[in-house]
Number of protein chains: 2
Amino acid sequence: MSSKGVKQLLFEQFARVGKAMSNANRLEILEFLAQSECNVEELSKLAGITVANTSQHLQQLRQAGLVSSRKQGLKVYYSLSGDDVIELLSIQRKVAERHIAEVDQLIDNFLTVKDSLEPLPREELLSRVKQGLVTIIDVRPAFEYDAGHVPGAINMPLDKLDDQLADFDSDTEIVAYCRGPHCVLAYDAVEKLRKQGLKASRLEDGFPEWKIAGLPVEKTNSKLNS
Amino acid sequence: MSSKGVKQLLFEQFARVGKAMSNANRLEILEFLAQSECNVEELSKLAGITVANTSQHLQQLRQAGLVSSRKQGLKVYYSLSGDDVIELLSIQRKVAERHIAEVDQLIDNFLTVKDSLEPLPREELLSRVKQGLVTIIDVRPAFEYDAGHVPGAINMPLDKLDDQLADFDSDTEIVAYCRGPHCVLAYDAVEKLRKQGLKASRLEDGFPEWKIAGLPVEKTNSKLNS
DNA sequence: CTATTATTCAAGTGATTAGTTGAATACTAA
DNA sequence: TTAGTATTCAACTAATCACTTGAATAATAG
């Protein structure tokens with residue numbers, strides 16, 4: 001203790017938080033947990049890594065105090081240990097986006113819809129949908145979609161996307177959205193669509209932001225699905 | 001690019017920021033830079049690591065987009081590349097303090113003055129100083145001290161502290177303060193004093209907070225020092 | 001020019017990390 | 001109890017990291 005210095009020890013503790021957030025897989029796990037509580041297997045599928053690996057990452061996150069877990073029956077559910085973790089995620093993302101040129105490039109060129117959609121009002125997006133020029137897909141799970149979605153959007157959870165790929169018209173622009181800027185589902189969707197040669201992009205915000213902006217919302221009659 | 005997935009690449013970029021903030025020395029450097037622009041040598045002395053090592057850390061920080069540099073004559077001055085970096089530092093610290101028990105322990109038991117001082121109004125601290133029960137030391141550089149300091153505080157920059165250790169009365173409580181909660185100078189001071197068996201602690205806030213709280217401020221006649 | 005100073009580069013070492021694999025530990029259902 | 005499932009642990013490899021050392025760039029002064 002005296003050999004290293006209290007100040008040094010203190011910074012080492014702070015560094016543990018940074019270390020926990022220094023791995024792409026762990027960050028992705030955190031982003032998923034920012035959406036909802038998940039068990040290990042779900043996370044492992046979402047992140048596309050083995051269960052054992054996921055488990056180890058989760059334990060590193062827990063040691064850094066970023067996530068907490070609760071056991072229910074066979075499964076262990078993990079969640080963020082506080083809202084300040086979301087804040088941290090969000091600021092780290094902001095700093096990265098602002099300062100790392102490559103990130104901006106990735107976002108601008110590959111995933112978001114900035115140049116083509118942001119300049120035109122969202123209302124116009126809606127009219128284009130009606131004209132069949134743009135297809136909006138909602139990649140959230142069905143029950144979230146049912147509770148409210150952008151008018152004209154088609155519900156297309158990630159696992160169903162593969163089956164539907166052939167149905168898309170390669171001339172129509174496809175815009176994917178999910179739960180918000182922290183939600184990573186739309187990234188996957190856009191990537192899959194692009195690989196098929198389709199014109200896909202990602203709406204910068206998710207459904208909550210859309211709703212808050214006072215734009216129209218459509219609900220599914222609960223009898224239709226499930 | 002397609003082998004790894006755009007989303008994966010994106011998270012790897014975000015992770016670079018976390019990686020930059022995953023090392024105790026780098027964090028300390030960032031905290032110093034949050035106070036003021038510094039050149040490599042200054043930082044190396046402040047952090048207590050070799051110049052070459054400091055330089056390498058600084059380059060990692062720059063690659064992550066957290067610091068920027070400007071060359072003036074022989075020296076290269078580094079500074080934070082934006083206020084969002086301060087925000088990031090501050091939130092990482094907050095998360096660590098909230099979630100990591102060991103950090104709380106370190107802070108509570110070793111460095112801050114919480115239990116003994118926070119409950120009593122700062123005005124009372126001042127009266128105790130007048131009675132000689134408490135000695136307040138200001139560990140900032142002399143020119144900052146001169147521009148304004150807590151009444152009764154003695155200016156005691158870190159490098160002068162060693163020479164003055166013998167002058168302290170072991171019965172008197174010593175309270176150190178510096179530039180703010182992000183300033184790390186007082187940590188060093190408290191540690192040195194404690195090693196001498198003195199009753200030292202750290203004021204949670206620094207001088208700016210004191211001033212903002214509307215408490216009295218003393219200025220040095222510029223002829224006295226320098 | 002040469003000498004000096006501040007910083008960076010390059011190479012090397014020991015420690016740590018991400019990931020894999022396979023076994024071990026819980027918990028549940030029958 | 002036994003069988004099956006979800007999670008974690010333990011051991012291992014390749015890659016990366018922190019730090020040191022000594023040399024290589026620059027910029028400046030004499």
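Chain identifiers are assigned alphabetically (A, B, ...) following the order of the sequence lines, protein sequences preceding nucleic acid strands; residue numbering begins at 1 within each chain. Hydrogens, waters and symmetry mates play no part in the numbers below; they use all other heavy atoms, side chains included.
- Using a 4.5 Å cut-off on side-chain heavy atoms (C-beta onward), A:Asp84 and A:Leu88 make no contact.
- Atoms CG (B:Asn23) and C1' (D:dC17) sit 9 Å apart, rounded to a whole Å.
- Checked against side-chain contact (heavy atoms from CB on, under 4.5 Å), A:Asp162 has the following partners two or more places apart in sequence or in another chain: A:Leu165, A:Lys192.
- Side-chain atoms of A:Glu28 and B:Lys7, non-hydrogen and from C-beta on, do get closer than 4.5 Å to each other.
- If you check residues 14-22 of chain B against DNA chain D, the residues with a heavy atom closer than 4.0 Å are B:Lys19, listed by number.
- Whole-Å rounding puts the A:Arg70 CZ to C:dC27 P distance at 15 Å.
- Taking atom CD of A:Gln72 as the reference point, atom P of D:dT7 lies 11 Å away to the nearest angstrom.
- Side-chain polar atoms of B:Arg62 and B:Gln59 form no donor-acceptor pair below 3.5 angstrom.
- Note on B:Gln60: only backbone sugar-phosphate atoms sit closer than 4.0 angstrom, heavy atoms only; bases stay farther off.
- Of the residues in residues 27-34 of chain A, not one places a heavy atom less than 4.0 Å from an atom of DNA chain D.
- Taking the side-chain contact (heavy atoms from CB on, under 4.5 Å) definition, one finds that A:Ala96 meets it with A:Ile100, B:Phe14, B:Val17, sequence neighbours left out.
- Two residues are said to be in side-chain contact when any heavy atoms from C-beta on lie closer than 4.5 Å; B:Val85 and A:His99 meet this criterion.
- Residues B:Leu61 and B:Met21 fail the side-chain proximity criterion, which asks for heavy atoms closer than 4.5 Å.
- No engagement by A:Thr54 is indicated, since no non-hydrogen atom pair under 4.0 Å with the nucleic acid exists.
- Annotation: side chain of B:Tyr145 is not in contact with side chain of B:Val139 (no heavy-atom distance under 4.5 Å).
- Within the structure, the side-chain hydrogen bond (donor to acceptor under 3.5 Å, both in side chains) test picks out the following pairs touching residues 36-52 of chain A (sequence neighbours left out): A:Glu37-A:Arg70.
- Between A:His57 and the phosphate of C:dT17, there is no side-chain N or O to OP1/OP2 separation shorter than 4.0 Å.
- Remark: side-chain polar atoms of A:Ser81 are paired, donor with acceptor, to backbone N or O of A:Gly65 under 3.5 angstrom.
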Starting at the 5' end of nucleotides 3-8 of chain C, put B wherever the base has a protein heavy atom under 4.0 Å, S where only the sugar-phosphate does, and a dash everywhere else. --BSSB
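- Considering only heavy atoms from C-beta on, A:Asn155 stays 4.5 Å or farther from A:Ile137 through its side chain.
- Following rounding to the nearest Å, B:Arg26 (CZ) and D:dT16 (C1') show an atom-to-atom distance of 12 Å.
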